[in-house]
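Along the sequence shown, the residues carry numbers beginning at 1.
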Amino acid sequence: MIILTGVSSSPGYKTALKLRSLGYQILGVYNTHAVENINAIKFDLTKDPSKLIYDYKPETVIHMAAIGEVDKCESDQAMCYLINTIATRELAKASYKIGSRFIYLSTDYVFDGSKGLYTEEDPPRPINYYGLTKLLGEEATLSINGVIIRTAWIYGLGPGRVNFGRFVIDKLSRGEEIRAIVDQWSSPTLNTLIAEAVVGILKRDFTGIIHVAGPRMSRYEFALAIADVFGFPKSLIKPVSINEVGYKAPRPRDSSLNNSKATQMLNIPLNDIKYALEILKREWLGEKNAI
């Protein structure tokens, strides 16, 4: 059995659906928002998270639950540390004790953004509290010889908070203007491809860090790519500087991830943004037709 925390998040839900379709026995874990079509339980990871592991004794734990709102982590550091660091440590420790494989979803924000296209060997240096708590979770994972999947700017359909890709599609499909940052870069990554990568990792005897992330782009470039594939007017996309946005927590300017290891090992075209967006377009049209 596989326990998947954060099943009500966008990548968690997509991963659970993919694994279930391949015949894996999945137990999803959520805290606030229940999910449909997945075997799942409500569990508060702030209260004895190791109990989850000892009670169910899974073969594998895929830990995707986190507080991912960067500004919220800056304003509520205690809760951010409890979920992103303490819960991760306890889950990792319990998994190690019963012999479960532990896979942890991390972030590009463990880097300071001073150079971009970071490899798995580059030393992390977070500049906000969210990145720090995720890095501490990474250290707990490495201490038990687990797997760290770093990803970035996750987008796609599904439950969870509205991501930038979904925001762009919703606004442009209604003919509304959007503002998109031109001077911050990362690696937009489709949740469906993260799910595919998790399957590939499960089938391999891999430990350590791997970057499952899309191509280096600014949010402005990403929005233009969405408009191009979906046929939306590019004139609705207005460039804006990161300094005009007013974030509470500092953001790395270029936290893009080098994904060479993942593309070679998993044989997924992560750098082909058109490939990813064509998948998303098919999902979006399917969602529209289902309404």
Side-chain angles (χ1 to χ4, degrees), residues 1-69 72-73 76 78-107 130 133-134 136-141 143-144 146-151 154 156-163 189 191-192 194-199 201-202 212:
M1 182 182 68
I2 296 174
I3 282 181
L4 195 158
T5 72
V7 72
S8 61
S9 69
S10 160
Y13 187 68
K14 286 287 189 179
T15 301
L17 287 177
K18 180 69 174 178
L19 292 173
R20 191 191 63 181
S21 73
L22 295 173
Y24 289 92
Q25 183 185 358
I26 297 292
L27 178 64
V29 178
Y30 67 92
N31 182 34
T32 305
H33 301 101
V35 293
E36 298 179 352
N37 306 318
I38 294 294
N39 179 36
I41 60 168
K42 179 179 174 63
F43 189 93
D44 186 350
L45 289 175
T46 67
K47 299 173 181 176
D48 193 13
S50 61
K51 186 177 188 299
L52 181 68
I53 309 302
Y54 296 138
D55 283 356
Y56 290 95
K57 297 179 173 55
E59 294 177 4
T60 301
V61 177
I62 302 173
H63 181 37
M64 294 189 174
I67 296 180
E69 298 95 329
K72 182 177 179 181
C73 283
D76 191 354
M79 182 56 69
C80 182
Y81 183 72
L82 190 58
I83 294 292
N84 293 358
T85 300
I86 297 298
T88 303
R89 284 177 181 169
E90 293 303 309
L91 290 171
K93 188 191 306 181
S95 298
Y96 177 76
K97 285 183 177 178
I98 71 164
S100 301
R101 192 177 188 191
F102 190 76
I103 299 174
Y104 173 60
L105 191 68
S106 191
T107 174
Y130 166 70
T133 60
K134 293 297 287 182
L136 294 173
E138 287 192 4
E139 291 176 353
T141 303
S143 73
I144 62 158
V147 177
I148 296 167
I149 300 174
R150 285 195 191 125
T151 190
I154 299 171
L157 306 186
R161 66 185 186 277
V162 176
N163 53 72
T189 313
N191 54 11
T192 302
I194 293 173
E196 188 176 333
V198 169
V199 171
I201 290 168
L202 281 173
V212 176

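The structure places OG1 of T192 at 11.5 Å from CD1 of I154, a figure rounded to the nearest 0.5 Å. Between N191 atom CG and T15 atom OG1 the span is 8.0 Å, to the nearest 0.5 Å. Taken to the nearest 0.5 Å, the CG atom of N39 stands 12.0 Å off from the CG atom of L4. Taking CG from L157 and NZ from K14, the interatomic distance works out to 5.5 Å, rounded to the nearest 0.5 Å. For the atom pair OG of S100 and CD1 of I62, the computed distance is 11.5 Å after rounding to the nearest 0.5 Å. Distance check, rounded to the nearest 0.5 Å: CE of M64 to OG of S9 gives 6.5 Å.
I53 meets the side-chain contact (heavy atoms from CB on, under 4.5 Å) test with P58, V61, L91, A94, S95, I98; sequence neighbours excluded. Residues satisfying the side chain to side chain donor-acceptor pair (under 3.5 Å) criterion with T133, sequence neighbours excluded, are N84. Partners of Q25 under the side-chain contact (heavy atoms from CB on, under 4.5 Å) rule, at least two apart in sequence or in another chain, are M1. With sequence neighbours excluded, the residues satisfying salt bridge (Lys or Arg N to Asp or Glu O under 4.0 Å) with K93 are E90. Applying the salt bridge (Lys or Arg N to Asp or Glu O under 4.0 Å) criterion to K51, with sequence neighbours excluded, gives D55. E69 is linked by a side-chain contact (heavy atoms from CB on, under 4.5 Å) to I67, K72, R161, counting only residues two or more places apart in sequence or in another chain.
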### Query
So V29 and I41, side chain to side chain contact (heavy atoms under 4.5 Å, CB included) or not? Walk me through it.
CA-CA 5 Å; V29 178; I41 60 168; 4.3 Å; yes
### Task
Show your reasoning for whether side chain to side chain contact (heavy atoms under 4.5 Å, CB included) applies to V147 and T141.
CA-CA 7 Å; V147 177; T141 303; 5.8 Å; no
### Task
Check step by step if side chain to side chain contact (heavy atoms under 4.5 Å, CB included) holds for T60 and I103.
CA-CA 8 Å; T60 301; I103 299 174; 4.2 Å; yes
#### Entry: Pair V7-I26, side chain to side chain contact (heavy atoms under 4.5 Å, CB included): steps then yes or no
CA-CA 10 Å; V7 72; I26 297 292; 5.7 Å; no
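When every heavy atom of F102 is checked against every heavy atom of H63, the shortest pair comes out as CZ-CB, 3.8 Å. Closest approach of Y130 and G68 over heavy atoms only: CE1-CA, 3.7 Å. Residues L45 and A65 come closest through the heavy atom pair CD1-CB, 3.7 Å. Taking all atoms of both residues into account, the shortest heavy-atom contact from I144 to A92 is CD1-O, 3.3 Å. Scanning both residues, F43 and D48, for their nearest heavy atoms gives CZ-O, 3.7 Å.
Heavy atoms of other residues, nucleotides or ligands lying less than 6.0 angstrom from OH of Y24 number more than 12.
Remark: the backbone N or O of K134 is paired with a side-chain donor or acceptor of Y104 at under 3.5 angstrom. Without hydrogens or angle criteria, T151 side chain to V212 main chain gives a donor-acceptor distance under 3.5 Å.
A side chain to side chain contact (heavy atoms under 4.5 Å, CB included) with N31 is found for one member of T5, D44, I83 and no other, namely D44.
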